[in-house]
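Notes follow the structure.
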Amino acid sequence: MLPNVLTKTLSDDRRVLAGWTVGATLAAIAYASFYPQISGGQMAEAVAGYPEALREAFRLDDLTSAAGYLGSSVFGLILPLIAMFYGAATGARAIAGDEESGRLDLILAHPVSRTRLVLHRFGALSAGALVIAFAIFLGMLAIRGSAKLTDVTVTEFAAQCLNLALLGIVFGALAIGIGAATGRRGLVFTITAGTGVIAYALHTFAGQLGADSGRLLSPFHYYIGGEPLDNGMQWADASVLLGVALALVAVGTVWFNRRDLNT
């Protein structure tokens with residue numbers, strides 16, 4: 001009998017997940033630790049000379065506050081891109097990786113339905129995203145005092161980290177859905193990562209292009225547009241991210257069940 005797919009996936013991917021977790025957490029701590037130097041005002045004065053469009057796009061007008069600095073750099077650029085690539089890479093392996101390697105036939109030869117396989121792989125990816133986000137949350141709390149980040153409350157850090165997990169889950173769901181439909185791992189990663197880059201650019205530059213409403217099409221808007229580091233949990237935005245992820249997995253599952261895997 002094949003072991004539980006979810007726990008087996010988590011066990012098999014534990015080293016990869018550990019790498020993502022340690023890397024993302026160290027990156028977050030390293031860049032967050034620069035805040036005391038940034039808050040002195042010299043960087044703000046330098047940024048004031050940048051074009052207004054650039055300052056607005058990358059949220060550079062409030063670097064002297066903890067939430068402003070973290071929202072423009074750590075949680076505004078570095079971590080969301082890490083989360084996106086985590087989702088793309090992990091989701092690409094979830095179904096398409098098995099199909100390309102020939103393991104998929106062996107897995108489905110056991111009493112495991114296609115629907116169960118997709119849902120368990122999605123569950124493992126989601127658990128991994130939550131582990132990464134929780135580690136980052138603990139890292140932020142560990143340096144909160146020394147890095148002078150106490151203006152951001154524990155609940156506000158928790159809200160932003162939860163949204164970070166949801167962002168990774170959205171792109172993971174997209175990759176799983178495309179993988180279930182195509183079975184081609186390289187194509188899955190390329191499309192998902194490309195979509196992520198376009199979505200980030202849309203969120204960042206929509207205002208400069210005179211298309212503010214275009215941000216509503218980007219998951220990055222729902223990830224940070226409500227400014228959780230200032231305002232706490234934005235449940236409506238989080239619900240959109242979760243709903244999109246579930247919808248993508250549902251569509252991928254339907255397509256996977258209809259595919260002839262022998263062609």
Side-chain angles (χ1 to χ4, degrees), residues 6 21 24-25 28 32 56 58-59 62 65-88 90-91 119 122-141 144 149-177 192 195-196 199-200 202-204 206-207 211-253:
L6 191 154
T21 302
T25 304
E56 180 183 347
F58 291 99
R59 303 159 57 97
D62 188 25
S65 75
Y69 171 71
L70 293 173
S72 65
S73 57
V74 182
F75 287 97
L77 176 62
I78 299 161
L79 292 181
L81 292 181
I82 289 176
M84 183 267 289
F85 282 112
Y86 162 78
T90 306
L119 294 181
F122 174 65
L125 181 148
S126 300
L130 289 169
V131 167
I132 294 170
F134 185 64
I136 292 169
F137 171 68
L138 294 180
M140 292 298 97
L141 294 189
R144 184 167 170 255
L149 302 173
T150 51
D151 286 347
V152 180
T153 67
V154 174
T155 55
E156 287 166 345
F157 270 124
Q160 189 66 83
C161 288
L162 178 57
N163 271 15
L164 182 68
L166 289 172
L167 183 70
I169 290 170
V170 166
F171 285 105
L174 175 62
I176 288 176
T192 306
T195 300
Y200 181 81
L202 180 63
H203 167 71
T204 303
D212 282 333
S213 59
R215 287 175 173 156
L216 299 177
L217 300 175
S218 172
F220 291 95
H221 169 75
Y222 301 97
Y223 156 69
I224 202 169
E227 300 184 354
L229 290 169
D230 272 318
N231 305 317
M233 194 67 199
Q234 304 297 298
W235 293 106
D237 288 349
S239 297
V240 170
L241 291 174
L242 181 59
V244 168
L246 294 176
L248 289 170
V249 170
V251 171
T253 301

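Both backbone and side-chain heavy atoms feed into the values below; hydrogens, waters and symmetry mates do not.
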Give the ring-plane orientation class for F75 versus F157, where under 30° counts as parallel, over 60° as perpendicular and anything between as tilted.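 Rings of F75 and F157: tilted, as their planes differ by 30° to 60°.
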Which atom of [X] lies closest to which atom of [Y], heavy atoms considered:
{"X": "I136", "Y": "A24", "value": "CD1-CB, 4.0 Å"}
{"X": "L130", "Y": "A165", "value": "CD2-CB, 3.8 Å"}
{"X": "P219", "Y": "F171", "value": "CG-CZ, 3.7 Å"}
{"X": "V74", "Y": "A32", "value": "CG2-N, 3.7 Å"}
{"X": "L125", "Y": "G172", "value": "CD1-CA, 3.6 Å"}
{"X": "L77", "Y": "L81", "value": "O-CG, 3.2 Å"}

Return yes if some donor-acceptor pair links the side-chain N/O of [X] with the main-chain N/O of [Y] below 3.5 Å, else return no.
{"X": "Y222", "Y": "L216", "result": "yes"}
{"X": "S72", "Y": "Y69", "result": "yes"}
{"X": "D151", "Y": "S65", "result": "no"}
{"X": "Q160", "Y": "A158", "result": "no"}

Supply the atom-to-atom distance [X] [atom1] to [Y] [atom2], rounded to the nearest 0.5 angstrom.
{"X": "I224", "Y": "N163", "atom1": "CD1", "atom2": "CG", "value": "9.0 Å"}
{"X": "I176", "Y": "L119", "atom1": "CD1", "atom2": "CG", "value": "9.0 Å"}
{"X": "H203", "Y": "L217", "atom1": "NE2", "atom2": "CG", "value": "13.0 Å"}
{"X": "T192", "Y": "L248", "atom1": "OG1", "atom2": "CG", "value": "9.5 Å"}
{"X": "T195", "Y": "M84", "atom1": "OG1", "atom2": "CE", "value": "9.0 Å"}
{"X": "T155", "Y": "L162", "atom1": "OG1", "atom2": "CG", "value": "12.5 Å"}

Criterion side chain to side chain contact (heavy atoms under 4.5 Å, CB included) on I82 and L79, from CA distance to verdict: CA-CA 5 Å; I82 289 176; L79 292 181; 4.3 Å; yes
L167 and F220: CA distance, side-chain angles, deciding distance, side chain to side chain contact (heavy atoms under 4.5 Å, CB included) verdict: CA-CA 7 Å; L167 183 70; F220 291 95; 3.6 Å; yes
Considering only heavy atoms from C-beta outward, does the side chain of L246 approach that of F122 to under 4.5 Å?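 Yes. Closest side-chain heavy atoms under 4.5 Å.
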Please tell me if the side chains of L164 and Y223 come closer than 4.5 Å, counting only heavy atoms from C-beta onward.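 The answer is yes; the side chains approach within 4.5 Å.
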Verdict with reasoning, H221 to L202, per side chain to side chain contact (heavy atoms under 4.5 Å, CB included): CA-CA 9 Å; H221 169 75; L202 180 63; over 6 Å; no
